[in-house]
Amino acid sequence: MADLIRITLLDGREVEYPKGTMAWEVLKDWGKVPFGDILAARVDGRLVDLSSPLMEDTSLEPLTFEDLEGKEIYWHSSAHILAQAVQQLFPKAKLGIGPAIREGFYYDFDVPEPFSEEDLGRIEERMREIIRQDLPFIREEVPRSEAIRLMSERKERYKVELLEEDIEEETVSLYRQGEFVDLCRGPHVPSTGYIKAVKLLSVAGAYWKGEERKPMLQRVYGISFPSQEELEEFLRRREEIERRDHRRLGRQLDLFSIQEEGGPGLVYWHPKGARIRTIIEDFWRREHYRRGYELVYTPHIAKVELWERSGHMAWFKESMFPPIEVEDQGYLLKPMNCPFHILMYKSKTRSYRDLPIRWAELGTVYRYERSGVLQGMLRVRGFTQDDAHIFCRPDQLEDEILGVLDLAEFMLTTFGYTDYEVELSVRDPEAKERYIGDDAVWEQAEEALIRALEQKGWSYSRREGEAKFYGPAIDIKMLDALGRGWQGPTIQVDFNEPERFDVTYIGEDGQEHRVVMVHRTVLGSMERFVGGLIEHYGGAFPAWLAPIQVVVIPITDAQASYAHKIGRRLLEEDFRVEVDDRNERVGYKIREAELQKVPYMLVVGEREVTEGTVSVRKRGEGDIGRMSPEEFVDRLQEEVEARV
RNA sequence: GCCAACGUAGCUCAAUCGGCAGAGCAGCGCAUUCGUAAUGCGCAGGUUGUCGGUUCGAGUCCGACCGUUGGCUCCA
């Protein structure tokens with residue numbers, strides 16, 4: 001009689017089974033979750049295969065596609081099927097790595113010839129065949145030396161490299177399905193048949209281990225789901241993302257362009273895009289003055305020596321445009337604004353009473369970005385940061401950080417970003433020598449950031465060792481309407497530049513003290529922020545941001561002068577209005593205004609002229625009835641002021 | 001920068017095997033004066049990204065360059 005073990009299930013129930021019973025047997029008996037949905041299990045917090053035997057008293061949880069870990073397992077298994085299919089079709093293909101990612105999976109291969117689009121179709125077909133065969137995933141544990149021998153035999157040089165250089169465990173696990181075998185920690189779904197709907201999405205080059213000096217492998221991206229419907233839903237979502245693409249909308253709505261003749265990564269703001277930008281900037285300026293900032297302007301270029309002193313030449317050189325020579329002096333386009341603000345600070349002696357000093361600037365900077373990374377407005381070579389530098393005493397740091405967090409929250413919610421993730425980057429306590437500035441100063445600063453976050457009541461993830469060499473930082477990632485993350489506000493403490501420029505204030509004691517310097521940006525850059533905003537709103541900007549808020553549409557020429565009168569009236573109220581008096585039908589003008597995503601259309605015909613009213617049509621909703629011009633003005637004014 | 005794909009009218013896209021560069025929309029002109037998502041007719045619009053090569057003949061094949069897209073890496 002075998003020993004019994006006690007298993008605690010998800011609903012708190014405790015059951016007894018003979019030692020060595022497999023996870024799936026228990027879960028099948030339990031029956032709370034449809035057995036076919038269960039992909040793997042969590043035992044005492046560890047993820048395991050359903051076939052794994054239970055050897056002691058433990059908790060047991062089923063994992064399905066609904067769980068994050070379940071998805072990962074599902075996609076990881078899909079990656080193995082991808083690899084098997086590729087090796088069947090391309091026997092020379094060597095395996096790189098094949099993990100699950102946020103959405104889907106990929107696998108890297110070293111192949112003599114890069115894959116073509118047609119290859120993708122063939123691979124996908126072969127994957128379906130493997131799925132039809134319903135091959136079990138079989139786990140096997142072997143000593144590392146044994147795994148090295150096996151992988152050498154199979155000429156899997158990358159796997160051998162992983163085993164020799166990256167894996168420390170002396171026992172490793174292998175997973176087999178059919179003739180295919182892969183080095184893998186697991187777990188996996190029980191068999192290939194669990195993967196119901198699969199699609200390969202793209203191929204791209206990717207460096208082995210992400211290192212530029214290493215060989216470039218071919219990365220195949222794919223996605224899979226337990227049902228065809230879910231796959232289709234995923235593809236629909238991709239189309240939605242495509243429809244919202246700021247580059248596409250930027251053209252359709254005539255907001256911005258990038259000119260080949262002018263150079264890559266340099267943005268041209270067309271009148272409507274510029275209108276949105278000025279609205280944001282005006283709002284931004286007012287809000288900064290209200291919160292005790294002063295606004296400044298600084299030059300676009302400065303002597304090479306300044307950038308040497310600031311340290312940029314040492315650690316940022318590869319991101320800067322090369323110098324411009326004039327009168328035997330080299331000048332550099334600024335990649336950042338901070339040295340300029342420091343020079344201004346140092347233009348006179350500062351007292352502790354002057355602090356904190358908060359200087360903000362919409363500063364246009366230029367950075368040399370490698371051609372392959374440029375992307376619409378999101379990744380460019382010239383951009384305007386909503387930059388600010390706070391110079392303060394150490395005892396003021398916490399309040400200053402809190403002030404920035406408040407400002408960031410206010411700005412983000414105003415632009416409709418209500419969800420965000422906060423990250424705190426701190427030193428690696430194991431490698432303190434990597435960082436500039438002494439221990440006490442670091443500790444004090446990290447403490448101040450933490451206390452500010454706590455006061456704000458924000459939860460955050462602490463990222464050990466992620467801080468830059470010159471100070472700890474808070475990064476806020478904002479989630480857009482589609483749940484995608486965007487780089488938002490960043491708050492960076494800097495121990496480096498105040499040191500290099502000897503930035504001080506005179507304290508109460510009459511002595512010089514080192515100033516604490518904080519770099520911060522709330523929107524990031526106008527380019528990236530507006531690019532993101534276009535996608536967030538899908539081009540349908542709320543009335544306060546819309547470049548054109550109202551189009552007045554006369555039905556025939558007979559109402560043209562009345563329409564213009566309404567137009568002038570709205571212009572007097574500072575609304576952004578156009579009168580569409582072209583010789584076209586109402587339907588045509590409405591269609592055009594809808595496509596241009598104008599929030600309001602005022603249709604005026606004979607009836608409205610007689611009554612002195614306007615027929616209001618709201619974007620996306622349709623006719624909302626007739627009202628007096630005054631009533632409409634009030635309505636729109638309210639909407640604009642509420643910024644909704 | 002690296003890997004791959006792509007580049008035809010302002011935009012979206014055709015053009016069979018290498019054989020006269022085409023359509024819709026936008027623009028312009030004329031007609032129409034119309035009630036909530038496209039009125040009709042006409043006109044104009046091109047060094048097929050650039051440069052070079054192969055060929056009797058190149059949008060199409062080859063090479064280099066420029067740019068774009070998806071990735072790698074990096075970042076506001």
Side-chain angles (χ1 to χ4, degrees), chain A residues 106 108 111 113-117 119-120 201-221 245 247-248 251-252 254 257-265 316 318-319 335-337 363-365 367-387 475 486-490 492 519-529 531-532 553-560 581-596 601-608 615-626:
Chain A
Y106 69 75
D108 287 342
V111 276
E113 290 290 313
F115 295 122
S116 65
E117 292 294 320
D119 291 337
L120 236 54
L201 301 168
S202 62
V203 219
Y207 298 107
W208 169 238
K209 290 185 179 171
E211 287 172 36
E212 246 166 85
R213 314 183 72 95
K214 305 243 157 142
M216 179 161 282
L217 310 181
Q218 291 296 308
R219 178 169 296 178
V220 179
Y221 285 91
D245 190 301
R247 290 165 297 196
R248 178 192 174 109
R251 161 154 286 148
Q252 280 168 1
D254 198 14
S257 65
I258 290 168
Q259 301 291 332
E260 186 171 343
E261 273 191 86
F316 209 68
E318 70 284 4
S319 296
M336 292 188 190
N337 304 298
T364 304
V365 299
R367 295 184 188 172
Y368 168 70
E369 297 282 0
R370 305 201 293 177
S371 55
V373 306
L374 300 175
Q375 204 210 359
M377 288 183 118
L378 303 182
R379 192 71 189 274
V380 294
R381 286 180 173 164
F383 56 97
T384 300
Q385 288 182 303
D386 75 309
D387 206 2
D475 289 284
W486 297 77
Q487 179 58 55
T490 64
Q492 174 75 54
H519 310 248
R520 51 109 277 198
T521 164
V522 174
L523 306 179
S525 75
M526 298 313 296
E527 285 75 10
R528 185 174 283 181
F529 188 75
I553 300 174
I555 288 172
T556 73
D557 288 350
Q559 293 90 41
D581 60 2
R582 289 176 302 173
N583 180 8
E584 288 292 349
R585 296 171 185 221
V586 215
Y588 180 86
K589 296 181 191 180
I590 284 173
R591 177 181 156 81
E592 190 137 300
E594 288 279 354
L595 289 174
Q596 286 297 306
M601 287 143 265
L602 301 183
V603 179
V604 295
E606 213 179 299
R607 216 155 47 212
E608 287 77 9
S615 268
V616 182
R617 183 187 164 99
K618 198 169 178 186
R619 170 185 68 198
E621 286 179 28
D623 196 347
I624 57 173
R626 268 175 287 167

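Nothing here was measured: the structure is a model prediction, and the numbers come from that model.
Using a 4.0 Å heavy-atom distance criterion, A/E608 is classed as a base contact. Residue A/V380 is in base contact, counting any heavy-atom pair closer than 4.0 Å across all strands shown. At the heavy-atom level, A/Q487 lies under 4.0 Å from the strands shown only through sugar-phosphate atoms. Counting non-hydrogen atoms under 4.0 angstrom, A/G605 reaches a base of the nucleic acid. Across all strands shown, A/T384 has no heavy atoms under 4.0 Å from either base or sugar-phosphate atoms.
A straight line from CD of A/E113 to C1' of B/rA5 spans 15 Å, rounded to a whole angstrom. When rounded to the nearest whole Å, the span between CD of A/E318 and C1' of B/rU73 equals 12 Å. In this structure, the CH2 atom of A/W208 is 13 Å from the P atom of B/rU73, given to the nearest Å. Separating the CD1 atom of A/I553 from the C1' atom of B/rA38 is a distance of 13 Å, rounded to the nearest angstrom. If you take CD of A/E584 and C1' of B/rA31, they are 12 Å apart, rounded to a whole angstrom. B/rU33 atom P lies 10 Å from atom CG of A/D557, rounded to whole Å. At whole-Å resolution of the value, CD in A/E369 and P in B/rA76 are 9 Å apart. If you take CZ of A/R379 and P of B/rA76, they are 9 Å apart, rounded to a whole angstrom.
Distances shorter than 4.0 Å separate some side-chain N or O of A/Y368 from OP1 or OP2 on B/rG1.
Minimum atom distance to the side chain of A/P114 is reached by B/rA4, of the listed B/rA4, B/rC34, B/rA76. Among the nucleotides B/rA37, B/rA76, B/rG35, the one closest to any side-chain atom of A/R367 is B/rA76. Closest to the side chain of A/I555, out of B/rC3, B/rA76, B/rG35, is B/rG35. The side chain of A/Y588 lies closest to B/rA26, out of B/rC34, B/rU73, B/rA26. Picking from B/rA37, B/rA4, B/rA76 the nucleotide with the shortest atom distance to the side chain of A/R617 gives B/rA37. Distances were taken from every side-chain heavy atom of A/V603 (C-beta onward) to each of B/rA76, B/rC3, B/rG35; the shortest belongs to B/rG35.
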Using distance only, find each side-chain donor-acceptor pair of residues 210-217 of chain A under 3.5 Å and give its atom names and separation, not counting sequence neighbours.
| from | atom 1 | to | atom 2 | distance (Å) |
| --- | --- | --- | --- | --- |
| A/E212 | OE1 | A/R370 | NH1 | 3.2 |
| A/E212 | OE2 | A/R370 | NH2 | 2.8 |

Between protein and nucleic acid, restricted to nucleotides 62-71 of chain B and to nitrogen or oxygen atoms under 3.5 Å apart, what atom pairs and distances do you find?
| from | atom 1 | to | atom 2 | distance (Å) |
| --- | --- | --- | --- | --- |
| B/rG67 | O4' | A/E260 | OE2 | 3.4 |
| B/rU69 | OP1 | A/R247 | NH1 | 3.1 |
| B/rG70 | OP1 | A/R247 | NH1 | 3.3 |
| B/rG70 | OP1 | A/R247 | NH2 | 2.6 |
| B/rG70 | OP2 | A/R247 | NH1 | 3.2 |
| B/rG71 | O3' | A/Y221 | OH | 2.9 |
| B/rG71 | O2' | A/Y221 | OH | 3.3 |
| B/rG71 | O6 | A/G372 | O | 3.4 |
| B/rG71 | N2 | A/G205 | O | 3.4 |
| B/rG71 | N3 | A/G205 | O | 3.3 |

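Secondary-structure stems of RNA chain B, taken as three or more successive Watson-Crick or G-U wobble pairs (i with j, i+1 with j-1) under a 3.5 Å distance threshold, comprise B:1-7 with B:66-72, B:10-13 with B:22-25, B:27-31 with B:39-43, B:49-53 with B:61-65.
Between B/rG22 and B/rA31, the two C1' atoms lie 28 Å apart (nearest whole Å). The C1' atoms of B/rC11 and B/rA4 are separated by 26 Å, rounded to the nearest whole Å. Here the separation of B/rA14 from B/rG46, taken at their C1' atoms, is 15 Å to the nearest Å. For the C1' atom pair drawn from B/rC62 and B/rA44, the interatomic distance equals 37 Å after rounding to whole Å. Taking the C1' atom of each, B/rG10 and B/rG45 are spaced 10 Å apart, rounded to whole Å. Nucleotides B/rG53 and B/rA58 have their C1' atoms positioned 11 Å apart, rounded to a whole Å. Comparing B/rG59 with B/rG18, their C1' atoms are spaced 11 Å from each other, to the whole Å. Across the C1' atoms, B/rA21 and B/rU60 are found 12 Å apart, a figure rounded to whole Å.
When the side chain to side chain donor-acceptor pair (under 3.5 Å) test is applied to A/K589, no partner is found at least two apart in sequence or on another chain. Listed by chain and number, the residues in a side chain to side chain donor-acceptor pair (under 3.5 Å) with A/Q259 are A/S257 (sequence neighbours excluded).
Sequence neighbours left out, the pairs with a member in residues 374-383 of chain A that pass salt bridge (charged side-chain N to carboxylate O under 4.0 Å, His left out) are A/E369-A/R379.
Not a single donor-acceptor pair under 3.5 Å links the side chain of A/D387 to the backbone N or O of A/G363. Judged by distance alone, the side chain of A/Q596 and the main-chain N or O of A/Q252 form a donor-acceptor pair under 3.5 Å.
At least one side-chain heavy atom of A/V616 sits less than 4.5 Å from a side-chain heavy atom of A/L602.
Note: A/E113 CD to A/Q218 CD = 9.5 Å, rounded to the nearest 0.5 Å.
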>> Run A/V365 and A/Q385 through side-chain contact (heavy atoms from CB on, under 4.5 Å) and show every step you take.
In response: CA-CA 7 Å; A/V365 299; A/Q385 288 182 303; 3.9 Å; yes
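In this model, no side-chain donor or acceptor of A/Q492 finds a partner on the base of B/rA76 within 3.5 Å.
The closest side-chain donor-acceptor pair between A/D475 and A/T490, if any, does not fall under 3.5 angstrom.
When all heavy atoms of A/R617 and A/I590 are compared, the closest pair comes out as NE-CG2, 3.4 Å.
For A/E606, the CD atom counts as loosely surrounded, since its 6.0 Å shell holds 12 or fewer non-hydrogen atoms of other residues, nucleotides or ligands.
Ranked by how close their nearest RNA chain B nucleotide is to the 5' end, A/D623 and A/R582 are led by A/R582.
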